Amino acid sequence: MARRHPATIAARAGIAEDTAYGAVTPPIYLTSTYELEAFRQPGPYDYSRSNNPTRDVLAEALAELEGGAKAIVTNTGMSACLLALQLLKPTDTLVFPHDCYGGSYRLFINLAQRKQAFHIQIVNFQQPDWAEQVQAASPAMIWLETPSNPLLQVTDIQAVCQLAEKLQAKVVVDNTFLSPVLQQPLLLGADLVVHSTTKYINGHSDIIGGALIAKDAAIGDELKWWGNCLGLTGGALDAYLTLRGLRTLSPRIRLQEANTVAVVDFLAAHPLVKKVYYPGLPAHPGHAIAKSQQHGFGAMCSFELNAEPDYLHDFFAALQYFTLAQSLGGTESLICHPATMTHASMDAAAQARAGISATLVRLSVGIEDISDLIADLEHALEQVALRLTV
Ligand SMILES: *Cc1c(COP(=O)(O)O)cnc(C)c1O
């Protein structure tokens, strides 16, 4: 049968498969343990850290969505990252980008420096000599995050995977910012995909969760073994809620993306906005690669206010529909100030190197009516303009 489309996979996962009562939606199996069929005759399930039928439905859907052989559903996105790192030995080197998620950055640095778990080499994949930098490190694993946070820089997944094949390195892509609806890294040559399902996949900002998807079945089995051994797997109720969120992933992200395009157009034309970062803009340096490897430009964007950072206080205070909070990917619009929030653990020099200025603002655009969102931004920018003129 032909590959199913993402919207169909998400809407149909586990539907009408209940063998007990014919329930259309998959039941939630809230049990820690399972009865044996008889002495020395185990049933299909034995203990929920290892396997749980509700979590399995979500895992199968995520594996199919990403085009992988196996998915492991974890209790957090960070657990999914930690799980992927189990493939490394102390003599191996992990290459990762200078602008990856702050929690991943902290995990890599601390496991390397405090636990000697592996060697690390940070590479700026935006520099023209990135391939030489990677080659010089002779890595066992290359970690990618594209588009990156908060400047939405794009990395050519296929080009990195071609180099990785020569170096016999595994490529892991953190696909949290786009979801499998907008990007499928395994089909571009990656070996593993990581998700914080907390973001777009659940999409309702009411769960913390993660997933690791492996292209290869044997590697998937090894990682599943580690997930059980380390106790990183997710709970049944969280799996159920994430599955419920997943049903609408495709229409949600499409609407959020359409709203983002309108927000970006509005911001780009506003005199109080210095610069807008969005891969959908033809002037964005990653536009061409994004167009070729993504199925859309996503619903995250950033911009720089054309005023002193002090005025951000007035701007944030005046907003009604952009909630000042970390995280992203929910149906509600969020706004954040990377320099003091998501990237506060970076010192000023590291922020400057990463291009994170004091006036940079990041938006996660939700599904609210677009005219309300634009009116909200317009009103808040007007408050800044009024203060500038007094
Ligand atoms: C949020 C996030 C994570 C970590 O996920 P948690 O669910 O918060 O543990 C990892 N990578 C990216 C890109 C994220 O946005």
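What you see is a predicted model, and the numbers here were worked out from it, not measured in a lab. In each ligand, atom 1 is the first atom listed, and ligand 1 is the first ligand listed.
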Original post:
Going from CG on Leu144 to OG1 on Thr146, what distance comes out if it is rounded to the nearest 0.5 angstrom?
Top reply: 7.5 Å

Subject >> Within 6.0 angstrom of Glu165 CD, more than 12 heavy atoms from elsewhere >> reply: no

**OP:** Count the heavy atoms of every other residue, nucleotide or ligand shown that sit under 6.0 Å from CZ of Arg49, and state whether that count exceeds 12.
**Re:**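 Counting neighbours around CZ of Arg49, more than 12 heavy atoms of other residues, nucleotides or ligands fall under 6.0 Å, so yes.
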
Subject >> In one Ile/Leu/Val/Met/Phe/Trp/Tyr side-chain cluster, 4.5 Å: Val134, Leu87 >> reply: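 No, Val134 and Leu87 fall in different hydrophobic clusters.
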
**OP:** Would you please name every residue forming a ring pair (Phe, Tyr, Trp, His ring centres under 6.0 Å) with Tyr240, sequence neighbours left out?
**Re:** none

Can you produce the list of protein nitrogen or oxygen atoms under 3.5 Å from a nitrogen or oxygen of ligand 1, alongside each distance?
residue, atom, partner, partner atom, Å
ligand 1, 5 (O), Ser196, OG, 3.0
ligand 1, 7 (O), Gly77, N, 3.0
ligand 1, 7 (O), Ser196, OG, 2.8
ligand 1, 7 (O), Thr198, OG1, 2.7
ligand 1, 9 (O), Gly77, N, 3.0
ligand 1, 9 (O), Met78, N, 3.0
ligand 1, 11 (N), Asp174, OD2, 2.7
ligand 1, 15 (O), Lys199, NZ, 2.7

**OP:** Please state whether the rings of Phe125 and Trp130 are parallel, tilted or perpendicular, taking 30° and 60° as the class boundaries.
**Re:**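 The rings of Phe125 and Trp130 sit tilted, inter-plane angle from 30° to 60°.
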
